[in-house]
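Chain letters run A, B, ... following the sequence lines, proteins first and then strands; every chain starts at 1. In what follows, every heavy atom counts, from backbone to side chain, and hydrogens, waters and symmetry copies are set aside. Only a predicted model underlies this, so the values are computations on that prediction, with no experimental measurement involved.
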Amino acid sequence: MVKAVIGILVQCDPSIKAIIMSIDAADNQFVVEELDDQTLVIKESQLSELKRRLDEQLKDTQQPPEDSGSD
Amino acid sequence: MASAVSNLASFEYLEKLPGITFRKLYLEPSTALAIFRRMLPHLAKAFVMALLYMDKPFLLTDLDQWVQSNAKRQRDEALSTLSRLHIVTISAPSRQEPQVVSLTDAFRVSLRLALTGGGNHQSFGVPSSDAKSAGIELEFLDEYGRTQWEGILHYVVSTGRSGAQPTAAVQQLLEAGNLVSRGRRSTEITQAGFSFLLQEVNAQVWTLLLLWLHHAKELGMDHVEILSFFFMLGSLELGKAYSIKTLKPTQKSMLENLVDFGLVYIPPSVKDQFFPTRLATTLTSDASALRSITAGFESALSTGSGTAGFIIIETNYRLYAYTDSPLQIAVLALFTKLTTRYPNMVTGRVTRESVYRAVSSGISSDQIITYLSTHAHPELLKASAAKGGGPVLPPTVVDQIRLWQIENERMKTTYGFLFKDFESTDEYKKLLKYADEIGVLTWASKTEEKFFVSKVEQLKDYMKSLKAK
């Protein structure tokens, strides 16, 4: 029997996906299904929370945007 | 692109309405005509026109013969739009009877009336023969609509600061729609408010009207009457006086708010007449007409503040804006790092940081680019014309703004449904093909036999029809 699962399809870089999986590993409250290394389905209600957690994680690794040149 | 936004907003709202609401809406010829000209793709219009004077249901297989075989996707999309808007009914597929298509009765009757006239429906408004207010000129109406609308926009941008404030009803509406939020001391603009500001005027009007529609339900107003009134406004003629007496009670009570928005004008001396402004009469124009009319409106908008274009942006991301309008400066500040303000101009730079900030508050790079190019200074236009009509903005700047957004967008998200566990590869292939044809497919994996769609209703019907065979 065909199943239809409601959710949000997330398409991103493999690196971002790895981070999402590591966030999810703690309590499994985000990911519904992994599809391939750039695609996964997450729970409908958790998008904003996931975005927030992702930003938090990336803050440590990413260089802050710098403003080159003078005015 | 901007008109697509407005299309989407009103369109998606309409699609969610139940069939019964549509039947009531289509009782008004003006609504049928407005939906027909504003919401339908051309192929769907062709179908409707062909079916309009056909008294018997039409075989779906015959309809297919009008469409070239390589345009099957467009045909499916047209039909699905039509049935979502309850304009056509397609009989359920079964083994005994072939599928037939026909226009819904209310829509057929109303569209016939709208196109060929007749009937006593007063759906297109009743022009007032009273000549008491003959002195109202187009320029005055444009000016009036502009001032009212700019007042609202200005309130959204610089909420809390002093200046001309829109009426309390409008303020409440903006707040209810989450375009501004009231803090302890002052009101502040929200993310939704930011993207509202960067929309084209017509899209803004629709956004506000739909907000109001949601709000009106709480006030116990019938939303069918409200919607038909919107569509009626879109069919009125600019510069003509219309009679208030023939309106329904709900519609009369709406007029007050429409005056606040600047969509209609009621002369103080003649209380039983109203004039639609350009904001109202362009509500349901179709996309191409819309562009020229909004262009006309924008040039009308700009008469107050000098020339149409005022922004110069250089290849080094420096931006000079010749304006002293607080509204325009506030909009620019949404995505520019402004540094200096002179009496007649402001300067600043578009930086990675400022674009980041804009993107994170819900503004897309395309919105920024559209804004910059529609408000480009005549000198930029002249320069691009001299090069044989190239792009108005420096290509490096445009590319960089897009890149900055992509850099900041870590994932692309789509709401919808994942289909999996098919009974057979054959079933998977059939459903996949259908989903692709009706334009809802977002992702598919052949090896795992799964796919993701953004809408599910039609697929369900299709699965039923497969079972019936």
Side-chain angles (χ1 to χ4, degrees), chain A residues 1-26 28-71, chain B residues 316-319 337-340 347-357 359-360 404 406-424 427-428 430-432 435 441-457 459-460 462-463 466-467:
Chain A
M1 187 58 204
V2 183
K3 267 196 218 159
V5 188
I6 190 163
I8 297 173
L9 185 79
V10 176
Q11 288 160 303
C12 56
D13 288 346
S15 60
I16 299 292
K17 194 202 159 214
I19 300 175
I20 295 178
M21 294 315 292
S22 78
I23 293 174
D24 186 64
N28 295 318
Q29 60 165 326
F30 298 104
V31 175
V32 176
E33 185 149 344
E34 288 185 68
L35 296 172
D36 58 31
D37 58 353
Q38 299 188 26
T39 330
L40 69 163
V41 176
I42 62 164
K43 278 180 203 158
E44 213 195 346
S45 52
Q46 298 287 357
L47 180 63
S48 54
E49 173 65 14
L50 180 64
K51 272 195 176 151
R52 198 186 60 76
R53 296 266 281 264
L54 193 61
D55 279 341
E56 219 168 72
Q57 290 268 334
L58 287 171
K59 222 184 274 166
D60 308 330
T61 51
Q62 273 198 337
Q63 285 179 348
E66 55 182 333
D67 212 356
S68 58
S70 61
D71 288 304
Chain B
N316 57 5
Y317 312 109
R318 279 188 200 183
L319 184 142
K337 187 180 169 198
L338 293 177
T339 44
T340 325
T347 65
R349 284 167 67 96
V350 176
T351 66
R352 180 168 152 173
E353 205 178 342
S354 70
V355 172
Y356 262 40
R357 201 180 35 185
V359 168
S360 63
W404 276 329
I406 294 168
E407 221 174 280
N408 203 28
E409 249 179 16
R410 299 184 188 106
M411 43 193 199
K412 188 170 164 255
T413 55
T414 323
Y415 284 83
F417 297 83
L418 176 71
F419 278 71
K420 57 179 184 178
D421 301 341
F422 295 91
E423 275 162 26
S424 62
E427 187 190 24
Y428 167 75
K430 267 188 191 160
L431 285 176
L432 180 69
L441 187 72
T442 31
W443 176 89
S445 155
K446 283 227 169 69
T447 47
E448 292 190 61
E449 299 201 346
K450 288 173 184 168
F451 64 80
F452 194 90
V453 294
S454 51
K455 283 198 186 97
V456 79
E457 290 77 15
L459 263 181
K460 273 188 185 153
Y462 181 70
M463 278 157 68
L466 279 184
K467 291 247 163 64

Let me know if [X] has heavy atoms under 4.5 Å from chain A in its side chain, its backbone, both or neither.
X         : result
Lys450(B) : side chain
Ser445(B) : neither
Phe452(B) : side chain

Task: NZ (Lys420(B)) with more than 12 external heavy atoms under 6.0 Å - done: yes

Open item on the list: Can you tell me how far apart CZ (Phe417(B)) and NZ (Lys3(A)) are? Round to the nearest 0.5 Å.
Closed with: 15.5 Å

Open item on the list: Could you report the tightest heavy-atom contact between Leu35(A) and Glu448(B), atom names first, then the distance?
Closed with: O-OE2, 2.9 Å

Less than 3.5 Å apart, which donor and acceptor atoms pair up between the side chains of residues 5-20 of chain A and the rest of the protein, not counting sequence neighbours?
from, atom 1, to, atom 2, distance (Å)
Lys17(A), NZ, Glu34(A), OE1, 2.7
Lys17(A), NZ, Asp36(A), O, 3.3

Open item on the list: With a 4.5 Å cut-off on side-chain heavy atoms, are Val32(A) and Leu418(B) touching?
Closed with: no

Task: Atom group of Gln38(A) that falls short of 4.5 Å from chain B, counting heavy atoms - done: neither

Open item on the list: Among residues at least two apart in sequence or on other chains, which ones pass side chain to side chain contact (heavy atoms under 4.5 Å, CB included) with Asn316(B)?
Closed with: Glu314(B), Arg318(B)

Open item on the list: Just so I understand: if I count every heavy-atom pair under 4.5 Å between each of Thr414(B), Thr413(B), Thr340(B) and chain A, which residue has the most?
Closed with: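 Result: the option with the highest number of such pairs is Thr414(B).
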
